[in-house]
Amino acid sequence: MQSNGHDQTAAVRDTIYRAALALDDQRWQDWLELCAPNFHYKITSFSPEINKDMIYLQGSRKEMDSLVRMLPKHNTDHSPLHRHTSVYTIDVSEDGKSAQAVSSVVFYQNMLDGNNSHIESGETRLFLAGRYVDTFAIEDGAAKFVDREVKLDNRRLDKGSHWPL
Amino acid sequence: MPARNHTQWSANPPLETGEWVDSRIYSEQEIFEEENEKIFKHVWVPVCHESELPKPYDFRTTTIAREPIVICRGPDNEVRAFLNVCPHRGMLIERRPSGSFLEGQPSGNPKRITCMFHAWQFDMKGNCVYVAREKEGYQDRLCKENVGLRRLRCEVKFGGFVWVNLDDNPAQTVEEWCGEPFECLRESLNAEPLEVFHYHKAIVDTNYKLWHDTNSEFYHDFMHYHNRITGFNDAYFARKNFAYDNGHVVVGTFEVNYENYEGFESRAELSFPHLPPNQWYMVDLFPGFNFNLRGSALRCDIVTPLGPNKVMIEFRGLGLKRDTPEERMTRINHHNSIWGPFGRNLHEDLIGVAGQGATMGPGTEPRHILHGRHENETIHDEIGMRHYYGTWGQWMNRLPSEPDKPYTATAVAAE
Ligand code: FES
Ligand SMILES: [Fe+2]
């Protein structure tokens, strides 16, 4: 169990960081490849203003697939989002077939558009901050996302985004 | 016409007065200050929803025209509003966005609004009930009775929104101010209690009126792929704009075909009470408040102008208080898919107004902003903006197309 557990946490960590790179690079299909068929995604936040847990976006794997395939139809701020992710904890189940991980995540916006790109392009701004709370299925030494909750600290989101975080 | 030189570019367009405005109304500090004094300090502002302070002693804080405000629910269940300013030495009394006065605070007792600075305390009606070492310091010269909070006009109306007016003697009640435009939604909003399920805010470098314009004109549906594909049909192009007194506008309803967008579904089953399936009404209130009912979810935008070229927009989503968890989840998903911070349309709308803000900052040269489309008052007719700026001109006594001149009624604005 000890050495197995070590392999499994390594697999979970690997999947989280590969997902971070895929999302940074807007390789949406590569990201979805890391997700199990029953994957569920959501972006949440708690609002002290209205005293409610809120869901800002959610979808099944199929819905997220639709969402990313429709992106070219929409007008989107071109400034890329990059994230810094640190995996804090990984808890592997007794049977070694699933795991939960909590990571800290900070999203930076590398301005391309901004309001006036002549002035703002090239600058990096803090965009959002929060945590990834992920659940994984582990099979044949590989970890796949079955659930990802992006728990944002923010309620001020300014222009927001069309992209999954 | 080919590209124009400066004289051609600055010449008045071949349209009637009232069919364009001068961009200085979006960029000048002096006009912004005057709007706070002449408009925002005298209109009814829907500051929050009663479901945000559901229990006695719950409170919310907000701001109108730079004046901090606290709204609280008394033990008698009445919602009241006060300036959130201590009568002693001007401290902001409550610092949090929301909470309850039921618990004591480090400087004060339970069930009191306490100023932390020198521990003066007030009840839910704004009476001062405690001044620390009152007699020792003020003898018989000043007492609690002299230092109550500043109460503000406050009404709960139209589906439970809390309306506040900084003017002690507003010219109209909330009903008189906006009852007519709300007629189309009155039954739907008043049938049963509503509840806020969504809140987020944006601070954007643009003028608040440009956000309101975007909410009231639908010509910009060309930038929303979602609206083009689910909406552009005969019924859409027949959708009417209705102008009401006080600069308010209502955009009439039609049936949206949500199924035409991949991944979307009909909203018929969860329509608000008394609302036919998949209908969509929009109420735009002068000077910058928007109520938008797309079948299953109600959205409300409230602007707080922060400068000539800076606005905070608060976005709320509402459903029925009695929703089952499944119903609520469906409403949230419907709301988010278009209007959420990660939805398909809101991001585009915000890019649009931020782009306008980028070309109309303070000190940029005056430009003509065209509001001249006439299409029989239907969806792409810009009558909504013309009507709004007619009212704006009257409140400001400035001609929107030549803001240095006093307002005169134009044929177009009066249509
Ligand atoms: S400023 Fe509020 S008690 Fe002194
Ligand atoms: Fe829009």
Side-chain angles (χ1 to χ4, degrees), chain A residues 40-79 81 107 111-121 127-128 150 152-165, chain B residues 48-49 51-54 58 60-62 96-100 195-206 223-226 228-229 261-264 309 312-317 329 332-333 335-337 340-355 357-359 361:
Chain A
H40 188 263
Y41 175 84
K42 64 181 172 188
I43 302 174
T44 64
S45 188
F46 171 73
S47 165
E49 293 80 12
I50 63 167
N51 197 24
K52 287 264 184 309
D53 280 309
M54 303 179 295
I55 297 174
Y56 280 158
L57 180 76
Q58 69 175 336
S60 63
R61 183 181 160 150
K62 184 161 170 280
E63 287 163 335
M64 296 316 290
D65 179 67
S66 283
L67 183 142
V68 297
R69 279 189 299 101
M70 296 299 268
L71 285 175
K73 300 278 191 190
H74 291 279
N75 292 293
T76 299
D77 188 303
H78 300 92
S79 310
L81 296 181
F107 301 90
M111 305 315 290
L112 189 63
D113 299 13
N115 291 326
N116 178 339
S117 60
H118 177 220
I119 296 160
E120 291 160 67
S121 67
F127 184 56
L128 297 169
V150 188
L152 294 180
D153 298 336
N154 312 68
R155 284 94 58 208
R156 176 179 163 189
L157 293 104
D158 291 351
K159 278 189 268 180
S161 175
H162 278 153
W163 298 325
L165 294 176
Chain B
C48 66
H49 188 262
S51 65
E52 296 166 42
L53 45 164
D58 284 351
R60 282 286 276 127
T61 55
T62 186
R96 296 164 292 176
S98 75
S100 170
E195 188 170 73
V196 175
F197 59 70
H198 176 96
Y199 178 86
H200 86 276
K201 61 175 95 163
I203 297 180
V204 189
D205 291 338
T206 199
M223 86 173 161
H224 295 315
Y225 174 73
H226 179 273
R228 294 205 309 274
I229 204 84
Y261 185 100
E262 182 184 321
F264 277 57
N309 203 39
M312 176 171 76
I313 312 160
E314 290 174 283
F315 302 96
R316 283 173 172 79
M329 197 57 86
I332 289 171
N333 289 340
H335 171 276
N336 287 343
S337 59
F342 303 92
R344 300 307 92 185
N345 287 10
L346 193 69
H347 182 56
E348 293 175 329
D349 289 325
L350 288 161
I351 293 172
V353 294
T359 76

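Naming: A, B, ... by sequence-line order, numbering from 1 per chain. Quick caveat: nothing in here was measured; it's all calculated off a predicted structure.
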Are [X] and [Y] packed together at the side-chain level, in the sense that at least one heavy-atom pair is separated by less than 4.5 angstrom?
| X | Y | answer |
| --- | --- | --- |
| B:H200 | B:E314 | no |
| A:V150 | A:F107 | yes |
| A:S161 | A:L81 | yes |

query = Looking at residues at least two apart in the chain, or sitting in another chain, which of them share a ring pair (Phe, Tyr, Trp, His ring centres under 6.0 Å) with B:H224?
reply = B:H220
query = Mind checking what makes ring pair (Phe, Tyr, Trp, His ring centres under 6.0 Å) contact with B:Y199, not counting sequence neighbours?
reply = none
ask   = Between B:M329, B:R228, B:H335, which has the largest tally of heavy atom pairs under 4.5 Å with chain A?
value = B:M329
task = Among B:H198, B:R344, B:R96, single out the residue with the greatest number of heavy-atom pairs under 4.5 Å to chain A.
result = B:R344
Sort [X] into side chain, backbone, both or neither according to what part of it lies under 4.5 angstrom from a heavy atom of chain B.
| X | answer |
| --- | --- |
| A:E63 | neither |
| A:T76 | both |
| A:L165 | side chain |

Need one label for [X]: side chain, backbone, both or neither, based on atoms under 4.5 Å from any heavy atom in chain A.
| X | answer |
| --- | --- |
| B:Y261 | side chain |
| B:I203 | both |
| B:E195 | side chain |
| B:V196 | both |

inquiry  = Taking NZ in A:K52 as the centre, count heavy atoms belonging to other residues, nucleotides or ligands within less than 6.0 Å. Is the count above 12?
reply    = yes
